[in-house]
Amino acid sequence: MDSLPRAQVTVTTLQKMKQRSEKIAVVTSYDASFTTLLERAKVDVILVGDSLGMVVQGRDSTVGVSMDDMVYHCACVARGGESALRIADFPFMSYSSVDQALENAAKLMREGQAHMVKLEGGEVNLKSVEAITGFGVPVCGHLGLLPQSVNKLGGYRVQGRDDASAQQLISDARALEAAGAALLVLECVPVDLARQVTEALTIPTIGIGAGVDCDGQVLVLYDLLGITPGKRPSFSRNFLAGQSDIQSALVSYVQAVKASEFPAKEHGFS
């Protein structure tokens, strides 16, 4: 790694990376110390995910995470931040109306110092996406497996395997882009479907359990380091195995994403 300071990664940076077919490396973080290590590894995007409910707070889902939790952890991450783009998740039921979405987007940007906000779901959120982006706040969408909807989905299952749900996901993706979303996370969808969505959109896609053809990849930090309690998701890889320290593991992850070596075939779904 060179010691020269890196220019701030922006939405425009990510768009240019997609155009150049340059992979985008994304990792979750919840505090300043890990963020400093991610910055040194030259991660492009840091996601302050509501996954903190499970890996930090010990909950069995993300549903119990509050807006105060998200603002607190995002502000912690910002203190360790340098050039990576910071995305903050809207927690469960914090964007159920346009007014609520606008108010909470302001909190995440102003108090949490996020650069972008992320919400789960498609058509139901279009008015909120239009309103938020209309006030200059970049938005990242999230389709496929929606962790906040795990009780409705009946568990953590691959989405979009049948034709009807696949077509709905493609439709939602296009609608989110048209509404102003600048980035889209695709979680636990078949590799072929993720490829179709990526090719159909002009905005970058970030995959997690969605195959190597997305424009970038994201992993939960604790999964990446193999320290998540219980069974690690099948789409993840322990990058700390065989490495001497955490910093080397993070660099290895970034290099693997950039070289399209991760995810491998065994990390995707058909």
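For clarity, every value in this text was computed on a predicted model and none was experimentally measured.
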Nearest heavy-atom neighbours spanning [X] and [Y]:
| X | Y | result |
| --- | --- | --- |
| Arg161 | Pro190 | CG-CG, 3.8 Å |
| Ala41 | Leu250 | CB-CB, 3.8 Å |
| Ala114 | Met109 | O-SD, 3.2 Å |
| Leu38 | Ser29 | CD1-CB, 3.6 Å |
| Leu224 | Ala249 | CD2-O, 4.4 Å |
| Val11 | Ala182 | CG1-CB, 3.6 Å |

Just by distance, with hydrogens left out, do [X] and [Y] show a side-chain donor and acceptor under 3.5 Å apart?
| X | Y | answer |
| --- | --- | --- |
| Gln159 | Ser165 | no |
| Asp89 | Gln148 | no |
| Thr10 | Thr13 | yes |
| Gln196 | Asp192 | no |

Counting N and O atoms only, with roles assigned by atom type, does the side chain of [X] sit under 3.5 Å from a partner on the main chain of [Y], one being a donor and the other an acceptor?
| X | Y | value |
| --- | --- | --- |
| Lys23 | Cys214 | yes |
| Glu177 | Leu201 | no |
| Gln100 | Met93 | yes |
| Gln217 | Pro263 | no |
| Asp223 | Ser236 | no |
| Lys18 | Thr198 | yes |
| Arg6 | Lys42 | yes |
| Asp69 | Ser66 | yes |
| Thr228 | Tyr222 | yes |
| Thr28 | Leu221 | yes |

ILVMFWY network linking [X] to [Y], side-chain heavy atoms under 4.5 angstrom:
| X | Y | value |
| --- | --- | --- |
| Leu108 | Phe92 | no |
| Met116 | Leu126 | yes |
| Val257 | Val191 | no |
| Val220 | Val158 | yes |
| Ile46 | Ile246 | yes |

Exercise. Is any side-chain heavy atom of His142 closer than 4.5 Å to a side-chain heavy atom of Pro147?
Worked result: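 His142 vs Pro147: side chains touch.
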Atom [atom1] in [X], atom [atom2] in [Y]: separation rounded to 0.5 Å?
| X | Y | atom1 | atom2 | value |
| --- | --- | --- | --- | --- |
| Leu85 | Gln8 | CG | CD | 7.0 Å |
| Thr35 | Arg40 | OG1 | CZ | 11.5 Å |
| Ile227 | Arg232 | CD1 | CZ | 11.5 Å |
| Leu52 | Gln57 | CG | CD | 5.0 Å |
| Leu143 | Leu176 | CG | CG | 5.5 Å |
| Ile206 | Glu187 | CD1 | CD | 13.0 Å |

For this session: Determine, step by step, whether Gln15 and Ile203 satisfy the side chain to side chain contact (heavy atoms under 4.5 Å, CB included) criterion, reporting the C-alpha distance in whole Å, the side-chain angles of both residues, the deciding distance to 0.1 Å, and the verdict.
Result: CA-CA 6 Å; Gln15 187 65 54; Ile203 63 173; 4.3 Å; yes
Exercise. What do the steps show when you test Leu37 against Phe34 for side chain to side chain contact (heavy atoms under 4.5 Å, CB included), and what is the final call?
Worked result: CA-CA 5 Å; Leu37 297 181; Phe34 271 119; 4.3 Å; yes
Problem set entry | Leu186: which of Val197, Val218, Asp215 passes side chain to side chain contact (heavy atoms under 4.5 Å, CB included) |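 Among Val197, Val218, Asp215, the one meeting side chain to side chain contact (heavy atoms under 4.5 Å, CB included) with Leu186 is Val197.
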Problem set entry | Identified side chain to side chain contact (heavy atoms under 4.5 Å, CB included) counterpart of Val185 within the set Thr205, Ile208, Val26 |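 Exactly one candidate clears the test, Ile208.
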Problem set entry | Audit row: Tyr95, Ile132, side chain to side chain contact (heavy atoms under 4.5 Å, CB included) steps and yes/no | CA-CA 11 Å; Tyr95 50 102; Ile132 295 168; over 6 Å; no
What is the ring orientation for [X] with [Y], classed by angle as parallel under 30°, tilted 30 to 60°, or perpendicular over 60°?
| X | Y | value |
| --- | --- | --- |
| Phe235 | Phe269 | perpendicular |
| His73 | Tyr30 | perpendicular |
| Tyr253 | Phe239 | perpendicular |

Problem set entry | NZ/NE/NH1/NH2 to OD/OE distance under 4.0 Å, Arg59 and Asp50 |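 No.
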Exercise. Does the side chain to side chain contact (heavy atoms under 4.5 Å, CB included) test come out yes or no for Val98 and Leu102, once each step is laid out?
Worked result: CA-CA 6 Å; Val98 171; Leu102 287 170; 4.0 Å; yes
